[in-house]
Each structure stands twice: as structure tokens, then as C-alpha cells.
Number of protein chains: 2
Amino acid sequence: MDVAHSGVLEVGIPVACRSCQARHGVVCGVLSSGQLKDLGRHSLRRKVDAGCEIIAQGSESSFYSNIMRGVVKLCKVMPDGRQQIVGLQFAPDFVGRPYVRESTLSAEAATDAEICVFPRNLIDRMISETPELQRSLHDQALKELDAAREWMLTLGRRTAEEKVASLLDLIATHAEPQTATSTAFDLPLSRAEIADFLGLTIETVSRQMTRLRKSRIIRIENFRHIVVPDMDELERMIGA
Amino acid sequence: MDVAHSGVLEVGIPVACRSCQARHGVVCGVLSSGQLKDLGRHSLRRKVDAGCEIIAQGSESSFYSNIMRGVVKLCKVMPDGRQQIVGLQFAPDFVGRPYVRESTLSAEAATDAEICVFPRNLIDRMISETPELQRSLHDQALKELDAAREWMLTLGRRTAEEKVASLLDLIATHAEPQTATSTAFDLPLSRAEIADFLGLTIETVSRQMTRLRKSRIIRIENFRHIVVPDMDELERMIGA
DNA sequence: GGGAAACTTTGATCTGGATCAAAGCGCGGT
DNA sequence: ACCGCGCTTTGATCCAGATCAAAGTTTCCC
């Protein structure tokens with residue numbers, strides 16, 4: 001709020017960073033202004049369309065990314081084509097696997113997105129020199145682990161209807177909070193992607209969505225846009 | 001191997017640590033001998049029987065643990081009793097959730113086990129003072145995340161038979177390596193626990209085990225003891 | 001060392017979600 | 001504005017795995 005004060009702090013940081021969604025995120029939020037400047041010089045802001053692959057499964061990537069806008073899906077594919085989405089990442093998350101170059105999963109823009117691409121070895125060096133960054137990435141990794149384990153419960157033990165409700169809850173929670181109990185948002189995923197996230201088929205996802213619609217728990221406008229009049233109601237469907 | 005050399009390194013470290021499985025693990029392996037001594041003074045070696053709960057879901061724990069021997073299962077339970085095992089930990093893994101006191105899961109000894117219990121705030125202090133420890137725990141967290149995501153694929157997209165094969169492969173991989181291709185091991189989990197890990201019922205687990213036995217991929221001796229004559233054969237069942 | 005409880009296997013049947021099939025719907029391109 | 005393709009919904013049928021039921025093993029407690 002205080003212009004003079006923020007001026008002092010922001011002096012010398014890259015112009016592109018000043019209004020960046022991820023400026024105070026996991027990586028950039030803990031760097032010194034010198035480091036931020038250094039990183040800014042070597043990073044590349046990139047717009048990617050929905051469907052664009054950022055990291056390929058099985059490939060070695062020499063980059064990490066920060067999500068500035070949009071949603072990224074993390075995906076695993078079996079040789080026979082079966083597919084499972086194993087995580088969603090939202091701005092301002094960090095995308096990449098420190099310490100292991102070869103990726104065991106693909107990262108793909110689920111919506112149109114903007115990402116900030118960092119050279120791997122620069123970040124690696126900063127991690128080893130900056131305990132605050134190490135700690136921050138450790139923290140994100142642990143949060144992702146919590147989320148992954150919560151999702152394992154969903155995949156292993158919830159019914160199709162509970163699964164779909166869980167997904168809507170997850171998206172609603174990450175979309176900006178709306179009024180006290182009601183929420184509206186655009187789904188960042190197609191029905192096929194939802195199916196791959198929930199371990200279901202397209203048809204089952206569609207049927208369960210219309211079930212939720214008919215029981216007035218959600219309204220569906222234009223396939224992608226969802227209104228949840230009462231989040232508590234939705235959460236009651238999840239059964240935990 | 002060199003007694004004099006190892007003597008120099010090991011001088012002053014706690015007696016109990018000298019032959020400990022976890023001595024060179026994620027935590028103790030990166031501490032200075034001074035820190036190890038300090039930690040040794042404040043830690044408690046404890047034998048726990050199979051089934052003993054180490055951390056309760058929803059509780060606040062003021063301890064972390066190291067597994068010295070045995071297997072620990074990480075478990076989530078829904079209010080209606082449905083249950084999902086979300087991870088297995090083996091010696092010398094670290095058990096606990098840095099940065100968040102309240103546990104979202106329970107940790108329970110799956111077999112008789114020995115653990116080394118550390119006071120939470122001592123470890124927290126060491127983490128903040130020791131980048132090597134931070135890095136080591138970060139690394140374990142990322143490995144657990146990789147494993148969790150791999151298991152999400154198993155839960156969401158594999159058939160019952162593939163799931164059981166995946167579990168046997170997981171256990172076989174963590175049991176000590178045997179001859180080139182063949183392996184034998186004791187299952188650390190009951191059929192009910194296997195079901196809760198795979199998102200199946202006891203009956204389905206049992207049926208798939210006898211299927212694998214009848215197709216000569218495994219031999220079952222005394223329910224818990226499994227022989228895999230050819231690990232490649234088993235891995236072919238997993239379909240990825 | 002006997003007996004009971006707990007665990008495991010096996011069998012019969014049922015069902016939630018998959019698969020197969022065919023319309024709706026909406027959007028982008030010409 | 002129209003056409004065509006891709007996405008979504010809806011319907012009919014099927015089947016992998018759940019549920020219900022019962023018998024066989026093992027462990028271990030007295």
C-alpha cells in the first residue's frame with residue numbers, strides 16, 4: 001500500500017516480475033532482489049495454449065517453470081494408452097522435479113496459460129545456496145504429497161458420484177473464493193480429462209454430473225461453467 | 001572396513017547408533033557427530049508390535065520417528081469406516097510431517113518394528129540450522145511424491161490382477177534383493193491391508209493371488225511367504 | 001495340546017461402472 | 001450463415017469386482 005516502501009523493496013527487480021502472479025510464490029517470493037534480477041535475466045516468459053506439453057514423460061528436461069496464469073495437469077500414460085492425471089497445478093505453483101532430471105510424468109497446459117521458464121542449473125545452484133528456497137520447495141513438495149495422498153483415498157475408496165463431487169470441490173477451492181457459501185467457476189478440464197483424473201470413463205463422469213445437476217447440488221452452464229449454490233451441500237456428497 | 005578409520009569417524013557418537021539400520025539414513029546420515037550425539041541424548045528407541053499406532057489421524061504429534069526395523073503403513077480413514085493405505089515406509093525412512101503439526105493420516109506398524117523417536121522441536125531446529133538435513137528430507141519427500149503418483153496410476157487405471165502384481169512388485173523391490181531374477185519375501189500386510197492399499201476387497205485380493213499362483217507367476221507358502229521365480233514375468237503382469 | 005477366534009480361500013449372486021451405440025450441441029472455419 | 005467435427009449427453013447392455021455366504025487354516029491363548 002505504501003508507495004515509498006514498496007518502491008524501496010521493488011527497486012531493481014525485473015520489470016516483468018513486478019506484476020507477476022508468481023512474484024510472491026514458492027520460488028520468487030523467497031529470493032533476494034539480486035537473485036531475482038539474476039533469475040529474471042535468464043528466464044523466459046512464455047504463453048502456451050491449452051494442450052501444449054511443457055514436459056514430456058520419460059524425457060530429460062533442462063528447465064523448471066513457474067505458472068503465472070492458468071492450470072497445468074500432471075499426467076502418466078501407460079504403454080497401452082491408459083492414462084491417469086496425478087495432479088493439477090495452479091498459479092503460482094512451481095513445476096519440475098529437483099534432483100532428478102528424467103521426468104516420470106508429463107506436464108501439459110490444461111487451459112491457455114503463461115509460464116515463466118527457468119534454466120535448471122541456475123535454479124539448482126540457487127537451491128543449494130539459499131536455504132530459504134530449499135525450505136520453500138520442500139514445503140510445496142510436502143503439500144503436493146498431502147494432496148496426492150488425499151486423492152489416493154478418492155481413487156481407491158470413493159464412488160463415482162463422490163469422485164465427481166471431490167473434483168468439483170477441488171476446483172472450486174482453487175478458483176478464487178466467491179460469496180460465503182456459493183461459488184461459480186469454469187472447469188479447466190474436459191470430461192475426458194476429468195475421467196482420467198478420477199479413474200472413470202467419460203460416460204460415467206457425464207452421468208454423475210447430470211445426477212448432481214438434477215439433485216440441485218450444481219448448475220451447469222455451457223458444459224464448462226459450474227455454479228455451486230451451496231458448497232456445504234457439495235462437501236456433504238464427498239462423504240468425508 | 002578400516003577399523004582405525006571408522007573409529008575416527010564414529011568416535012563420540014551414541015552407542016545405540018553404531019549398529020542402527022538408520023544410522024546412514026535420511027536424518028542421521030547427514031548430521032554432524034555433535035548433532036548426532038545431541039539427537040541421541042534426546043531420542044528414544046522403541047519396539048512396537050504390529051498394529052501399534054504411532055501417529056493418529058487428526059492428532060497433533062510432538063514427535064518424529066525413524067524406522068530402524070520393520071514396515072510402517074500410512075493410512076486414511078473416512079468417517080464411515082472406508083479406509084485407504086496411502087503409503088508404506090521401510091527402514092531407514094523418516095516418518096512425520098515437517099511444518100504441519102496436525103496429521104492428516106495415521107501411521108501404524110504393519111509388522112513388529114523398532115523405531116527411534118525424536119522430539120519434534122529438536123528436529124525442527126536442526127532442519128532450520130542444517131541445509132544438508134533440509135535437503136535430505138526434501139529429497140525423501142520428493143521420492144514419496146513420485147511413489148504416491150505412481151500408485152495413483154495403479155489405483156485409477158489398473159485391473160485387480162495388475163494391482164495385486166504391482167503390490168507384490170513393490171514389496172519385492174523393497175525386500176532385500178535376492179538372486180538375479182528370483183525373489184522370496186514375507187508380505188508385511190494381511191489380505192485386508194492389501195485390499196485397503198489397492199482399493200479392492202479381501203475376496204478379490206485372495207482370488208487374484210490364487211490366479212497368479214495358478215499361472216505359476218508366484219508361489220504362496222503359509223499365506224504370508226511369497227516366492228517369485230521370475231521377477232520379469234511379474235513385471236510383465238503390471239502392464240507398464 | 002485343545003479350542004476358539006482371526007484370517008484366508010472358495011463359491012454364488014448381484015451391481016456399479018464399463019462398454020457399445022447413437023443422438024444432441026456448440027464452436028471454428030470457410 | 002452453413003457445415004462439419006469434436007465434445008457431451010443419453011440409452012442399452014455387459015462384466016469385473018463387490019457382496020453375501022460358508023468352509024478351511026493357522027495361530028495362540030489358556
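First the proteins, then the strands, lettered A, B, ... as listed; each starts at 1.
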*Answer with base, sugar-phosphate or nothing: what part of the nucleic acid does Ser190(B) contact at a heavy-atom distance below 4.0 Å?*
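It contacts sugar-phosphate atoms only.
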
Does [atom1] in [X] sit with more than 12 non-hydrogen atoms of other residues, nucleotides or ligands closer than 6.0 Å?
X	atom1	answer
Arg97(A)	CZ	yes
Arg224(A)	CZ	yes
Asp80(A)	CG	yes

Interatomic distance where [atom1] belongs to [X] and [atom2] belongs to [N] [whole Å]:
X	N	atom1	atom2	value
Glu203(A)	dT13(D)	CD	P	16 Å
Ile220(A)	dC7(D)	CD1	P	18 Å
Ile202(B)	dA22(D)	CD1	P	17 Å

Cationic N near anionic O, under 4.0 Å, [X] to [Y]:
X	Y	value
Asp196(B)	Lys73(B)	no
Arg120(B)	Glu60(B)	no
Asp232(A)	Arg236(A)	no

Could you measure the distance from the [atom1] atom of [X] to the [atom2] atom of [Y]? Nearest 0.5 Å is fine.
X	Y	atom1	atom2	result
Leu168(A)	Glu235(A)	CG	CD	11.5 Å
Arg211(A)	Gln208(A)	CZ	CD	5.5 Å
Ile67(A)	Gln21(A)	CD1	CD	11.0 Å

*At their closest point, which heavy atom of Asp93(A) faces which heavy atom of Asn66(A), and how far apart are they?*
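Scanning both residues, the minimum pair turns out to be O-OD1, 3.4 Å.
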
*Assign each of Leu189(B) and Val205(A) to its nearest nucleotide of DNA chain C by heavy atoms, then name whichever residue's nucleotide is nearer the 5' end.*
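On the 5' side of the pair lies Leu189(B).
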
Below 3.5 Å is the cut-off: list the nitrogen or oxygen pairs between protein and nucleotides 23-25 of chain D, distance only.
none

_Estimated bend of the helix from dG1(C)-dC30(D) to dT30(C)-dA1(D) (axis per five terminal pairs, rounded to 10 degrees)_ =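 About 50° separates the two local helix axes.
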
*Pairing residues for Ser103(A) by the side chain to side chain donor-acceptor pair (under 3.5 Å) criterion, not counting sequence neighbours*: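 Side chain to side chain donor-acceptor pair (under 3.5 Å) list for Ser103(A), sorted by chain: empty.
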
*With sequence neighbours excluded, residues passing side chain to side chain donor-acceptor pair (under 3.5 Å) with Ser65(A)*: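 Partners of Ser65(A) by the side chain to side chain donor-acceptor pair (under 3.5 Å) criterion come out as none, since no residue qualifies.
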
*Is there a donor-acceptor pair under 3.5 Å between the side chain of Lys163(B) and the backbone N or O of Leu198(B)?*
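Checked: pair present.
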
*asked:* With a strict under 4.0 Å distance from non-hydrogen atoms of chain A, what nucleotide opens and what nucleotide closes the contacted stretch of DNA chain C, reading 5' to 3'?
replied: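 Nucleotide range with atoms under 4.0 Å of chain A: dG17(C) to dG26(C).
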
Give me the distances for all protein-to-nucleotides 14-17 of chain D N/O pairs that come in under 3.5 Å?
{"residue": "dG17(D)", "atom": "OP1", "partner": "Ala160(B)", "partner atom": "N", "Å": "2.9"}

